[in-house]
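Each remark here refers to the structure printed beneath this line.
Computation of the quantities below employed the complete heavy-atom set of this structure, encompassing side-chain atoms and omitting hydrogens, waters and symmetry-equivalent molecules. Here is the naming used below: chain letters follow the sequence lines, and residue numbers restart at 1 for every chain.
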Protein chains: 2
Amino acid sequence: MSAGRTARDKARHELTQEIKDAARRELATEGAHQLSLRAVARALGMVSSALYRYFPSRDDLLTALIIDAYNALGEAVERADQGATPAERWRNACTAVRTWALAHRHEYALIYGSPVPGYQAPQTTVAPAVRAPTVLLGIAHAAGAPDSGLPENLREQLNGVLGAVAVELPTGAMARVMIAWTQLFGMVSFELFGQLVGSADPADEFFGYAVDRMAEFVGVA
Amino acid sequence: MSAGRTARDKARHELTQEIKDAARRELATEGAHQLSLRAVARALGMVSSALYRYFPSRDDLLTALIIDAYNALGEAVERADQGATPAERWRNACTAVRTWALAHRHEYALIYGSPVPGYQAPQTTVAPAVRAPTVLLGIAHAAGAPDSGLPENLREQLNGVLGAVAVELPTGAMARVMIAWTQLFGMVSFELFGQLVGSADPADEFFGYAVDRMAEFVGVA
DNA sequence: TCACAAACGAGAGCACTGCTCTCGCCATCC
DNA sequence: GGATGGCGAGAGCAGTGCTCTCGTTTGTGA
């Protein structure tokens, strides 16, 4: 985390960033699964083996990109969380998810698409991953989203989660936010991955409609 | 489509199936993106170049697997569409999606995960792809799911789709089924792709709860 | 019946991949 | 002012998708 003081540390840190940037650029044109270490190295005018001084494997580079992507999305949603009413905030936050996803489709696919096989997301990814949905939980809390009936097992299970993210919210409301979050994710993924082609594509109208319905469903309206 | 009459045609057809089966087996252990033509060939005791007599490229083999997967899922859902009440049918159909996905996670990832880069789903995939959601539309129709307010643009857009799938359903009900469908897909994907780890995982309880809520939302309850 | 054409499997080969290892070079720290 | 360790370059390994060529097998039309 520390910037490092010696010239070597500084250079190392900068080059690490440059590698990630180049990889992101590569990602944008090629897609996740053909992200080639050698191509990234080539773009930077270095030889592929040199990259291994910075990332021990391709998967580690991917992990770094995944964390950055989670944070970028989380930050975008947090920044968009504004508005006079909870309903407005909800709509803005949800729209931010879609906007970011459309602008960074390959990075979105990286984090929310099929996981790279054999690749196990390390624990370091979960904190960044949770930023975006946490915003929705916060809005629901601000709106005073009500509790609702829940099977006892589910209530206990979700209570544990609520404690972990430190949001005070009726468990029933949280369950509904999770439903809304999965809906949002499913809808954006469908749009991005072309499952909507031939039905609700372009999806602007459908997206707005769905977001408002889910706001009602959660009790943010 | 025809079985073919000559011995050669028959052999070709059988070998095509064997290749797909071997590929599916490979898929189950390795995942989509490292499905290796050479490994498939090796498993069949043939040489990689011989495979190109049956599938012009790796992507074409993938396309064949995708179509099969869509059909398998669609068939599973159609078969599960039973029950005394629409609510029961809804729950059974949705559960079938999850069950199939859990039992064939790599095939599920193939069709609903991030698309293989550079790969454009040919038009041949859309008919099989539409089987599963069509079941839900049918249940909503049988339940007499009501219409609801819809922005005019969205109504027009969805009317076109309704005509294409030949289901008589109020447009507003269809919009809600689409929301439910994206929710279902998002939830299953989250579970499969490990996004639920640490929250609602295992997801059985949450799944059942969500399915029932969406049934209410659509008006199948 | 028999020749011709099409389909077939094997093999070599091309350009590419992730990754490892070894080599000199040079900044850093004792 | 050395020893140490980080660094980039390069060669090399095993694997990939895909192409081309070659001899063989199979089906068909004359």
Start with the C-alpha distance between B:R89 and B:V220, add both sets of side-chain angles, then the distance that settles side-chain contact (heavy atoms from CB on, under 4.5 Å), and finish with yes or no.
-> CA-CA 9 Å; B:R89 290 173 60 192; B:V220 183; over 6 Å; no
Atom-to-atom span, NZ of B:K10 to P of D:dG27 - whole angstrom | 12 Å
Which part of the nucleic acid, if any, lies within reach of B:L44 when heavy atoms closer than 4.0 Å are counted: base, sugar-phosphate only, or nothing?
-> nothing
Check nucleotides 23-25 of chain D for protein N or O atoms closer than 3.5 Å to its own N or O atoms and list the pairs.
from   : atom 1 : to   : atom 2 : distance (Å)
D:dT25 : O2     : B:R8 : NH2    : 3.0

Atom pair CD (A:Q183) and SG (A:C94), whose distance is rounded to the nearest 0.5 Å | 8.5 Å
Rounded to the Å, how far apart are A:R53 CZ and C:dA27 C1'?
-> 14 Å
Geometric cation-pi criterion, A:R58 with A:F55: 6.0 Å, 45° | no
Taking only N and O in the side chain of B:Y52, is any of them less than 4.0 Å away from OP1 or OP2 of C:dG9?
-> no
So do A:L102 and A:E191 actually touch side chain to side chain, heavy atoms under 4.5 Å?
-> yes
To the nearest angstrom, how far is B:L61 atom CG from D:dG17 atom P?
-> 10 Å
Geometric class of the A:F190/B:W181 ring pair [parallel <30°, tilted 30-60°, perpendicular >60°] | tilted
Here the distance between atom C1' of C:dC8 and atom OH of B:Y54, to the nearest Å, is 7 Å
Rounded to the Å, how far apart are B:L15 CG and D:dT26 P?
-> 14 Å
Per-nt protein contacts along nucleotides 12-17 of chain C (heavy atom under 4.0 Å; B base, S backbone sugar-phosphate only, - none) come out as -B---B
Rounded distance in Å - CE (A:M46) to P (C:dG18) = 14 Å
Lys/Arg cation over aromatic A:F217: A:R176, 6.0 Å, 45° cone = yes
Do the charged groups of A:R24 and A:D21 touch, with an N to O distance under 4.0 Å?
-> yes
Go through the side-chain N and O atoms of A:D60 and A:T63 and say whether any donor and acceptor fall under 3.5 Å apart.
-> no
Distance, rounded to the nearest Å, where A:R12 contributes CZ and D:dG5 contributes P | 15 Å
Spacing of B:F55 atom CZ relative to D:dC18 atom C1', expressed in whole Å | 16 Å
How about B:Y108 and A:S114: does a side-chain donor come under 3.5 Å of a side-chain acceptor?
-> no
